Structure formats: C-alpha cells, structure tokens
Amino acid sequence: MDSDYIFLVFFTVLSQSAAGIFILREVMLYSSYNYMIDKHLRIITLLIAGLIVLIAIITASFHLGKPLQAVHTLRNLKSSWLSREILFILIFSGIILLYLFTEFFTESSSIKISLSISGIIAALGLIVCMSGIYMLKTIPVWNTFLTPSSFFLTSALTGISVMFIIIPAGFGKGSIIYPVFSLLMILSLIVSAFLYFTGETSSVVLFITRLVTGLMALLVPLLIYSGIIPNKMPSRLFLLLLLLFTEIIGRCIFYTGFYKSGL
Amino acid sequence: MGSDGIFYTNRRSFMKWSAILGSSFLGRNSVFKEIFIPYNPEKPQDNESKIIRTGCPAHNCGGRCLLKVHVKDGIITRIETDDRPGDDISDPQLRACIRGRSYRKRQYHPDRLKYPLKRTGKRGEGKFERITWDEAYEIMYNEISRVIKQYGNSAIFIPYGTGSYTNLNGRWPAVRLMNLLGGSLGYYNSYSWACTNIATPYVYGTLNTGNQRQDWLNSKYIIMWGWNPAEMKDGTNSEYFIRRARENGARTVCIDPRLSMSAIALADEWIPIRPGTDAAMMSAMAYVIITEKLTDDDFIRRCCSGYDSTQMPAGCENEESYKDYILGTRDGIPKTPEWAEKITAVPAATIARIAREYATIKPAVLYQGYGMQRRAYGEQTVRAGAALSAITGNIGIPGGWASGLGSQAGGEPFWSVFPSGENPVKARIPVYLWTEAIIRGKEMGPADGVRGVAKLDNNIKLIWCIASNILINQHSNINRTAAILRDENLVEFIAVQDNFLTPSAMFADLVLPACTQFETWGVEDGWKYGEEVFLTPKIVEPLYESKSDYRICADLAKRFGVWNEFTAGGRDEKAWAEWIIDEIYRKTRFPEMPAFRELEKSNAGVYVKPVSKPVVAFADFRKDPVKYPLKTPTGKIELFSKPLHEMNNPEIPAVPKYIQEWESPFGKEAEKYPLQAIGHHYMPRVHSTHFNNEWTSEAFPQVVFMNKADADKRKIKNGDIVKVFNDRGALVARCRVTSKIMPGVIDIPQGAWYMPDKEGIDRGGNINVLTTERWTALAKGNPQHTIMVEVEKFKG
Amino acid sequence: MPEYAFYINSSACSGCKTCQVACKDKNDLPTGVNWRRVYEIEGGGWKEENGVFVSQPYGYFLSLSCQNCENPECVKACPTTAMHVNASGIVAVDSELCIGCRYCSWACPYGAPQYDQAKKVMTKCNLCEDYLSIGTKPSCVMSCPMRALDFGTWEEITSKYGTGENVFPLPDPSQYKPGIVIKPHRNSAMTRNDKAYIAENEYK
Ligand code: SF4
Ligand code: SF4
Ligand code: SF4
C-alpha cells in the first residue's frame with residue numbers, strides 16, 4: 001500500500017462511522033428504542049458524529065498536495081464523484097451543526113424531522129458518492145459491489161459499537177442487536193476476503209490480522225449476548241477499539257489491492 | 001516489490017557512495033539549484049534564448065549527432081536535436097539519442113568537479129583536499145620532471161580513454177605536451193575493437209571492409225550477428241538504415257543471446273545463441289554452404305586464398321585448408337549443424353536454414369557486432385564471419401558486406417586529427433596490457449605484443465589519465481587493478497583529469513577538473529561511418545574552476561617552457577578548431593566543406609557530405625583482383641593466413657576455428673560458476689559516462705538481467721537484490737528476471753561505477769569485478785565477456 | 001473524433017526512451033515524472049528440447065503520453081475542473097485549481113497524469129502546445145531516432161496511417177476515444193494467446 005493512502009484509510013473509516021452513528025441515532029429516535037436516548041445523549045451523539053466528521057475532513061486534507069486550494073473541489077459536481085462526495089460531506093456536517101443548534105434552541109419536531117431526514121439522505125449520499133469514487137473502470141478490484149458493501153458495513157458496525165458506548169445502560173444482554181452486529185461482522189470479513197484475493201498485491205500479515213481481530217470483534221458481542229462476559233464499560237470499550245482496529249486493517253487491505261488495468 | 005530502495009536508481013547509489021566518501025567538497029547543494037532556470041510554459045523560450053547547433057558530446061558512443069542547444073543567461077536550458085528539413089536517406093537527420101537529450105543532467109550535475117584536489121588519505125580511499133591550480137600545476141610539473149629524470153620518459157603513461165572526443169578535449173593535447181617533453185610510453189589497439197582490429201587485416205589487409213551504409217538498402221538479407229545498433233549506436237542512424245532496408249524488402253535475422261532492442265525493433269527473426277560459440281555456428285553454416293554447393297566458386301577461385309588445397313600459399317601446401325577444417329578432413333570432426341547444435345544451443349535445422357538463406361538470398365549482409373570479439377577467442381569469430389562473406393561471394397557487390405571490422409570504404413574516419421606530434425619514445429604496448437607494464441614492464445617484449453623496441457626499459461611509474469575511466473572502472477579484474485594501483489611503490493604518481501570524481505579519479509593523487517565539451521571549442525567527426533564534421537563551439541563558460549583539457553596542458557606547457565611550441569605560437573582552442581577544419585578536413589577528405597568562419601557564422605553545427613551513391617568496399621578488387629590486390633601477403637582474401645600459421649600457436653590457428661573458451665559452460669569451472677555473464681553496452685550510458693545521469697538511469701536502471709529458469713533455481717524473484725560473484729570478486733545489484741535473455745546467461749550492463757563497500761563487494765554493479773585480466777592470444781585484447789559466475793540472493 | 005492524434009509505430013520502436021527524455025528536457029520534469037513513457041511489453045518463455053530451445057519469448061515497446069481522449073476520464077474525475085479541455089481542444093491541467101488529489105491519475109486508463117511531488121500538483125503532457133502554435137511538431141515526435149512517432153490532427157494522421165490497431169495492454173478504446181493510431185509490432189499478435197505483461201511494472 002502506498003503509505004500516502006493511510007490518510008484515506010482514516011478518512012473513509014471515520015466519515016463512514018459518523019454517517020453510521022448519525023443514521024443509527026435517527027433510527028433509534030424514531031423507533032421503539034427512543035427511550036434509550038435522552039436529551040443529554042441526543043446532544044452527545046451529535047457532538048461525537050460532528051467531531052468525527054471534522055477529524056475525517058482534516059485527515060483527508062493531508063492527502064492533498066495543495067489543501068489550501070480545496071475550495072475548488074466543488075467545481076465539478078457535474079461529473080466528478082469526488083466533487084459530489086465533498087458536497088455531501090459538507091451538507092452532512094452542516095446538518096449536524098444545525099441539528100445541534102436545534103437541540104439547544106428549539107423543540108420543534110417538524111424542524112427536527114426534516115433535519116433528521118435530510119441528514120440521513122446526506123449520510124447515505126456521502127457513502128454512495130464515496131463508493132462512486134472508487135468504482136472506476138480502470139481499477140477492476142474496486143469496480144464491484146464490494147466497494148459499497150464494505151463502506152456500508154463499516155458504517156453500520158462502527159455506528160452500533162459507538163452506540164454501545166454512549167448509551168450508559170447499553171442494550172440489554174439478550175438484545176437482538178448483538179447477533180445482528182456479529183452477522184454484519186461476518187459479512188465484513190467476507191468482503192475483506194474477497195478484496196484480499198482479488199487485489200493485485202496483498203499482504204498475508206494484514207489479512208491474518210484482519211481475520212483474528214475480526215473474529216474477536218465478532219465473538220465479544222456474542223459473549224455479552226449470552227452473558228458470559230458482563231455488559232460493562234470495559235468490555236464495550238474493548239469492543240469498540242477492536243472494531244475500529246479491524247476495520248482500519250480491512251481498509252488497508254482494500255487499498256493494498258489497488259491496481260490499475262491498462263497502464 | 002523490493003523493499004530495499006538503496007540500489008534502485010544510480011542516483012541514489014551515487015549519493016550513498018558519496019556518503020561513504022564523506023567528502024564535503026563535493027558540494028552537493030551547489031549553486032546550480034539556484035541559478036538553474038526552469039522552463040516556464042507561459043513564456044515561449046524560443047524567442048528569447050539563443051540556439052546553438054553543435055555536435056553531441058558523444059564520449060565514444062558510436063554515433064555523432066547534432067544538438068540544438070538553447071542557452072539563456074549563460075545557462076543551457078534545453079537540448080533539442082537535428083531538425084533539418086528533408087531527412088533524406090542520403091543525408092538523414094542526425095537525431096540524438098537519450099544520452100544526448102539528457103545531457104543537461106550531466107552538464108549541471110551537482111557533483112561536477114569544481115576545483116583541483118590533492119589526495120590526503122591512502123591511495124584509493126577517496127580522501128582529498130581542495131588546492132589551487134597553481135599548486136596543482138606545481139605538483140604536475142615536479143612529478144613529471146622527477147619521473148623523467150629518475151626513470152626516463154618511457155615510465156610515463158597516458159592511458160587509453162574515450163571520455164572526451166573533440167580533438168581539443170581528451171587525451172590528445174597531453175600526448176602533444178609529453179611528446180614535446182621527450183615522449184611517453186605509447187600504446188596501440190583499443191578496448192572496443194581489440195580482436196577485430198588485429199584479425200580483420202589478416203583476412204583483408206585493411207579495416208575498411210564496410211560499404212557506406214546507404215548501401216544496406218540494396219540488401220535482400222541481413223544477419224545482425226551480436227549487433228545491437230539501436231542501443232549501442234554503431235553510427236548515428238544505423239538502426240534507421242536497417243529499418244529502411246527492411247522496408248525495401250530485406251529480411252533480417254538477429255543472432256544474439258539477448259532479445260535485444262535491435263532484435264525487437266529491427267529483426268524478422270531472433271536466434272538466441274550461447275555466448276562465445278559464434279565461430280561454431282559460423283563453421284556449421286560454412287559446412288552447409290560447402291556441402292550443398294552453395295558457394296560462389298568463381299569468387300573463391302579468383303579472390304580467395306587458402307580455401308582448399310588447390311590454393312594454399314607457397315610453403316603451406318600441405319597444411320589444413322579452410323575447407324579441410326570445415327569438412328573435418330584432418331581433425332576428423334566435420335563441422336556439421338548437429339555438431340554445432342550441441343555447442344551453440346541453436347537447433348541444427350535453424351543453422352542449416354540460415355546458412356542456405358544467407359548463401360542464396362543475395363546480396364546479403366553478415367554484420368558482426370563487437371561484443372562477440374571481446375572474448376577469449378574473439379579473433380576466430382571475426383575471421384570466421386569474414387570467411388562466410390567470402391565463400392558466398394557477398395563481397396564487393398552492392399547490398400553485400402565483407403564482415404570484419406567494417407569501417408567504411410571511401411572515407412575512413414579520422415577519430416582525432418589534433419597534431420600530437422611524434423613520440424620520441426618508440427615503445428608501444430598493447431593497450432590492454434598496461435597493468436602488466438606496471439608490474440613487469442622491464443620484462444616485456446614482443447612476446448607480450450610490445451612494438452617498437454625489443455624490451456621495455458621501464459615499468460610505468462607515472463600515470464596521467466585524461467577523460468578516461470580505464471584505471472579502475474573499465475579495465476578487467478578491478479580488485480587486482482586496485483591492489484596494483486594502491487601500491488605506491490609501483491606507480492608513484494597518478495593524476496586524473498575528468499568532469500567527475502569517477503572510480504578512477506578515486507585512485508588519483510591529483511585530480512584536475514576538466515570542463516565539458518559544451519564549455520570549450522572542438523571538432524568531431526562522424527565516428528566510424530559518418531560523412532560528417534561537427535564544429536562544437538564553446539557554448540557556456542566552464543563551471544567553477546574547471547578548464548579544458550587543452551588549456552590545462554597549455555598552462556603546464558608554460559611551466560615546462562614549451563608553451564610556444566605547444567600552442568603553435570599561441571593558438572587557443574578556437575584557433576585550433578579553425579586550423580583543424582581549414583587545414584586538415586578541408587584539405588583532405590572534405591574539400592567542399594565550408595571554411596571555419598563560415599561554419600561558425602552559419603550556426604549549422606555540422607557539415608555533411610550526402611551519400612547518394614554509396615561506396616562499396618572491394619568493388620575494384622572483385623572486378624580485378626590482380627590489378628587491385630589486397631594488402632595481404634597473397635593479395636587475396638586470406639582464409640588461410642601464412643603469417644598466423646608461422647606463429648605456430650594452437651590458440652592462433654591459420655584458418656578460423658571454434659575453440660572452447662578458457663571459461664565456458666563446458667569446462668570444469670562451470671561446476672562452481674555455472675552461469676555465463678556478458679556485459680552489453682547499455683542504453684543509458686556511454687561506457688561509464690552518464691552513470692550518474694538521473695534521467696538516463698531512471699529510464700534504464702542498472703540491473704542484472706537473468707532468465708526466469710535460472711532465477712527460479714536460485715529462488716530469486718524479479719526485483720530482488722542479488723550478489724554475482726566468482727573467484728575474482730563480487731557485485732551486488734538489483735535483478736531483473738526476464739525471458740529476454742537465454743537460460744544459462746546473465747547480463748550485467750557494462751560501465752556501472754565501481755563502489756566497493758567495506759567488504760570489498762561492489763555496490764555499483766560493475767561487471768569488471770568479475771572479468772579477467774588475461775589477454776587474447778593474437779590481439780592481446782580484452783576478453784571481458786568471457787566469464788563464468790554464480791548468482792545468489794543477497795543477504796546483507 | 002478526437003481533436004489530435006499521435007501516430008505510434010510500435011513495429012519500429014526500439015524502446016530507446018529518447019522520446020521520454022526529450023520530453024523531460026523540454027518540460028524540466030524531475031525524476032519520477034514522465035509525461036511520455038515507453039512501456040516494455042514482454043511475454044512468452046523458453047522451452048528446451050534435447051538441449052536446444054524450441055520456443056521463445058517476445059517483446060515490443062509502446063511509447064505513450066496523453067492520448068487527448070475525446071471522452072477524457074481524467075476531466076470527468078477531477079473535482080476542481082483543473083483537468084480541463086482548453087481552448088485548443090487539449091486536455092490540460094490548470095495548476096492554480098489543482099489540489100493534488102491525484103484522482104485523475106486513477107481514472108486515466110493510460111497513466112498520463114503524472115503527479116509532481118515537489119510542486120504538489122498534477123502535471124501532464126500538453127502536446128507541446130507552444131510548439132504546435134508555431135507550427136512545430138512535439139518534442140517527442142521530433143526526437144525519435146527510429147522515426148516511429150508522428151503527430152497531427154486526427155484527420156491528418158488517420159488519412160496518412162489509417163486508424164491503426166489496439167494492442168495489449170491498452171484498454172478498449174471505444175469508451176475513451178483516445179487520439180492514438182498504433183501500428184502494431186508483429187509480436188503484439190502473440191498476446192492474444194499468451195499472458196504478456198509490462199516488464200517495468202514487474203520490478204518497480
Ligand atoms: S524515441 Fe522512438 S524508438 Fe525510442 S522509445 Fe521513443 S518511440 Fe520508441
Ligand atoms: S490519456 Fe488520460 S490524461 Fe490523457 S486525455 Fe485521456 S484520460 Fe485524460
Ligand atoms: S507532446 Fe510534448 S509534452 Fe507531450 S509527451 Fe511529447 S514532448 Fe512531452
């Protein structure tokens with residue numbers, strides 16, 4: 001992997017996490033789980049999502065040769081997925097910001113619902129555009145459903161595991177969310193395996209690490225679910241760190257597979 | 001993907017080497033970074049900068065091309081090439097290759113030598129201090145005077161070197177100076193053409209066996225035998241002429257262990273052959289031609305000598321004739337294609353087919369490259385090739401080719417015409433034997449090829465090496481040479497005059513910074529073929545304190561009190577250039593050439609004599625061999641040579657023979673060192689010049705080319721760092737695993753700079769740490785391609 | 001129709017890379033930035049039967065710069081419009097706009113956009129626009145010792161040389177409509193039944 005891609009690894013994983021957190025938050029708010037998210041948590045989740053987006057944007061700028069000229073990046077919405085991605089990330093961050101304001105200054109549910117819906121659209125749009133960037137004719141490994149799948153899975157997995165942390169009571173020990181998480185993790189590992197085997201260059205070390213940490217990240221929720229380990233902060237924090245680590249390794253595998261057809 | 005980048009580009013290795021030197025005076029962060037004016041696309045430069053046409057500083061590359069040098073504010077900003085309209089085949093554009101086009105990276109290289117340097121550490125250690133020119137001249141004056149007084153002039157040697165080739169830059173002025181001071185030990189022959197220089201005249205009595213190249217367009221069949229003109233440049237445009245010959249209907253075959261650039265671009269068919277076995281295939285071709293009666297009997301009868309028992313020279317009537325050898329009448333071994341197949345690895349059927357094609361598709365060219373004569377029995381290959389041309393009668397006809405060295409008939413090149421004067425020291429050694437003359441000069445006589453005297457009266461005690469990397473880099477068996485040079489009791493003083501601190505300069509006691517050819521006046525001619533004369537004007541000022549080779553010698557002449565004689569009454573470089581053009585070229589070979597002043601004013605850079613009716617070598621001789629005899633003892637083409645016969649040496653047979661080389665895959669040595677190594681002339685360099693040019697070495701990094709089968713056996717992957725070694729030394733380089741070289745053979749492009757590490761392993765990839773100092777029997781020439789080696793993955 | 005076309009006579013190209021360096025010299029390109037690149041394609045192998053080799057490897061060269069595609073993927077991909085088609089119909093980089101994201105170099109199927117590490121912007125062949133404007137052919141074309149390159153408008157080149165052939169490893173041209181006309185080397189036919197590869201890529 002080109003060492004420069006490390007910025008892209010963090011950018012993509014982080015921005016996808018933010019999208020995941022946001023979407024999960026909204027889904028919970030407008031479902032039977034809304035009791036879990038009080039006023040306090042509503043602000044915290046937004047703050048966290050916003051902060052992650054901010055860090056992601058800053059990380060991405062390290063990848064650029066001339067970050068100071070980045071204002072020009074919106075000039076080619078017509079055809080550039082990169083331009084569109086940046087538009088969506090800006091909209092997404094804007095919505096988070098607005099949303100935060102509304103959490104403080106208004107109780108109007110119609111405003112919140114519209115922000116919620118447009119935020120979800122922005123978050124999904126962001127991931128779609130991001131996939132568009134990588135789905136190039138010239139890079140056959142990426143030009144498959146694996147790219148969006150991997151991105152959406154990252155979103156979902158990080159979203160859930162962050163929620164594990166911020167909701168103090170957590171999901172109950174028998175909650176369905178644990179097996180769902182493990183299932184998603186299995187899918188995520190399968191996608192990684194595909195990327196590993198179809199990529200031009202591949203690193204066994206990366207792949208083994210990914211497998212081991214991924215399997216651990218898959219096991220922990222199941223153990224919590226079955227009550228073998230306690231649903232306590234340390235184990236939840238451990239899960240989050242494990243997940244972030246394994247996803248980052250997974251993304252490294254993604255970039256390592258890079259090769260251009262043609263020249 | 002190799003993780004270790006250290007050896008990857010030459011540039012980086014070079015920096016590493018400099019780090020080893022730890023020498024601060026190299027001044028890597030030179031002012032050039034600041035004064036260098038980059039191209040600004042908004043401002044078309046063409047309107048502002050001066051364009052000067054000149055000859056490429058070709059360093060003996062084999063071609064001579066025209067450069068259009070853009071100069072702005074005293075700096076060369078761009079180098080373009082010949083764009084004269086027309087590009088007609090009689091006078092095609094002299095388009096420069098990658099070396100000429102990348103010259104700015106050499107001209108403005110931060111490592112250019114800037115000041116005279118004096119050695120401070122042990123010899124060869126590479127420790128120097130900056131001194132003034134005055135001090136430098138003083139040292140030169142004292143050392144030369146001392147050695148003349150103590151030993152005599154024959155203890156002084158100005159080695160062979162081709163790093164500068166403009167009459168006024170290069171070794172010739174120094175030879176002139178030494179000749180005024182009583183002379184110096186002379187040499188004859190060259191590293192490039194040692195065997196062919198000597199062997200060709202035994203067949204033809206001349207070196208001018210080639211037709212003018214336009215004549216290739218008349219050919220129907222061209223064998224490029226070990227010839228790679230697209231890469232090594234055997235004359236500017238040679239590769240283009242072959243392209244045109246093919247378009248004219250010629251079929252081309254390339255016989256070479258490597259799928260060379262020429263094999264790809266110029267050949268219809270490529271036949272890989274085991275290095276060093278060319279004479280076997282040639283003999284087998286002769287067998288087919290003779291036994292199938294495809295010989296040109298009339299030509300053989302009229303023009304050849306020694307073909308069969310009917311035409312043996314007087315006194316040798318009972319000796320083995322050429323035909324006897326081929327048919328095996330005496331030795332019992334008919335040289336059949338089946339016999340040759342086992343030696344050459346070329347299928348017998350292919351040998352027979354090529355023989356038939358060559359003998360029947362007429363007129364045909366058999367062009368011999370020079371790599372195959374830089375071998376143990378190079379003389380045999382040269383003569384075996386010439387014999388094939390002779391028995392098929394492809395000599396003296398348009399579209400044919402006599403083989404042998406192939407300098408062009410109707411105008412031999414002049415190389416250098418600078419009047420270096422007569423050498424009062426009559427002794428001349430074979431050029432390759434200079435290290436012998438250091439250690440046992442006084443024992444050397446005619447048996448060692450010494451000419452002019454019965455015995456040398458001195459060992460070499462002082463070396464003044466100019467525009468030459470022969471001291472270390474280009475001579476065989478570097479580890480041996482280095483040990484000899486390190487011993488200050490042998491050579492007592494070494495001065496090196498060059499543009500860079502080359503591996504040879506590392507062994508100097510005194511380093512003199514010479515300027516490049518862009519920084520002084522000079523005159524070049526068209527190397528081996530060309531009908532061209534280039535005026536190379538001074539385009540920019542010499543950088544720092546560097547001076548032209550001529551100027552350095554003139555300054556020294558002043559100290560020795562011979563300035564007036566040396567400068568012929570005060571001529572500077574420009575005045576000499578004028579003299580050379582007006583008094584030599586115009587008065588001999590090119591009377592129609594414009595005078596110097598005109599040439600200078602026109603800024604044409606070159607005078608070309610178009611060739612519309614190419615001269616065919618030996619045409620007169622073929623018509624009437626009695627009236628126009630050759631300068632051989634019999635006046636004919638000598639397939640059997642009486643003078644060689646009289647040498648009575650099994651290594652110098654009277655008829656060309658295949659002899660198994662002293663290091664070969666068939667010998668016992670192959671058990672330990674199973675791979676043959678050759679070192680071809682590489683596109684990014686001219687010998688060792690341009691090794692530090694970042695643009696050429698980016699395009700063509702120094703690598704060891706190895707066949708996949710050999711690599712697999714050794715668990716070597718493409719891009720791995722490998723160690724190549726034999727009993728004489730070891731080198732480390734990146735390995736390029738490729739199918740473009742035949743199994744059993746590796747290629748280490750020659751000319752990489754020798755950069756020993758602490759263990760004495762060369763990190764630059766110089767093949768000469770593996771080559772042998774042994775010389776060939778007849779020519780006393782360099783057999784640098786005849787070596788056996790082993791390769792392993794480098795751990796370290 | 002693309003605006004312009006390079007004619008690349010692969011059958012005559014010796015792979016000497018003079019064109020590559022002529023371009024570097026004209027445009028002052030540092031090591032690592034090659035607006036024109038000569039690719040060395042290699043394939044085949046050796047088969048030994050009774051001590052002699054019966055099958056052989058093959059190779060050829062392709063000299064490529066920017067094909068000035070009619071459908072330039074680079075222009076589509078560039079987020080800033082720095083990569084654009086200029087008034088003369090040449091695909092060019094506006095370095096004032098370029099942010100150095102290198103995305104165009106992913107999108108271009110020919111490796112034409114070349115990132116300049118020092119300048120931190122994308123650069124690429126500009127077809128020697130300054131030369132074209134004074135009626136001179138591009139530097140690379142004028143440099144070739146084998147006379148294997150030519151340049152002109154699409155009409156000029158195709159009427160002189162036809163439309164040529166597409167050879168390995170170039171992608172299907174129909175989607176990009178590149179301005180190149182290639183006269184293939186006879187060896188490129190071998191790539192149809194054999195896995196050829198770009199030699200440089202194997203050890204860089
Ligand atoms: S200069 Fe000509 S022959 Fe040399 S690589 Fe370029 S296109 Fe090929
Ligand atoms: S070759 Fe590449 S850079 Fe050139 S126009 Fe086509 S897509 Fe763009
Ligand atoms: S057209 Fe000009 S800029 Fe483009 S590759 Fe050729 S020399 Fe370079």
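Just so we're on the same page: letters track the sequence lines, and every chain starts at 1. Remember, it's a predicted structure, so these values are computed and weren't measured experimentally. What you see below is based on every heavy atom in this structure, not just the backbone, and it leaves out hydrogens, waters and symmetry mates.
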For the candidates [options], which exhibits the highest count of non-hydrogen atom pairs separated by less than 4.5 Å from chain C?
| options | result |
| --- | --- |
| B:Leu266, B:Thr81, B:Leu259 | B:Leu259 |
| B:Ala709, B:Pro272, B:Cys65 | B:Pro272 |
| B:Ser262, B:Ala265, B:Gly100 | B:Ala265 |

Note, B:Gln702 side chain near B:Arg734 side chain (heavy atom, < 4.5 Å):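 Of all side-chain heavy-atom pairs linking B:Arg734 with B:Gln702, none is under 4.5 Å.
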
Validation row: C:Asp150, C:Lys137 side chains within 4.5 angstrom (heavy atoms): yes

Salt bridge B:Arg243-B:Glu239, side-chain N to carboxylate O under 4.0 Å: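 B:Glu239 and B:Arg243: not salt-bridged.
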
Test ring pair (Phe, Tyr, Trp, His ring centres under 6.0 Å) applied to C:Trp46 - qualifying residues, sequence neighbours left out: B:Trp270, C:Phe53

Segment of [X] engaging chain B (4.5 angstrom heavy-atom cut-off):
| X | answer |
| --- | --- |
| C:Cys13 | backbone |
| C:Cys144 | both |
| C:Ser11 | backbone |
| C:Arg37 | neither |

B:Lys233 portion near chain C, given a 4.5 angstrom heavy-atom threshold: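 Side chain of B:Lys233 only, per the 4.5 Å heavy-atom cut-off to chain C.
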
Per-residue contact mode, B:Ile741 against chain C (heavy atom under 4.5 angstrom): backbone

Contacts of type side-chain contact (heavy atoms from CB on, under 4.5 Å), residue C:Glu42, not counting sequence neighbours: B:Arg736, B:Thr738, B:Ser739, B:Lys740, C:Glu40, C:Tyr197, C:Ala199

N/O donor-acceptor pair under 3.5 Å between B:Asp87 side chain and B:Gln93 backbone: yes

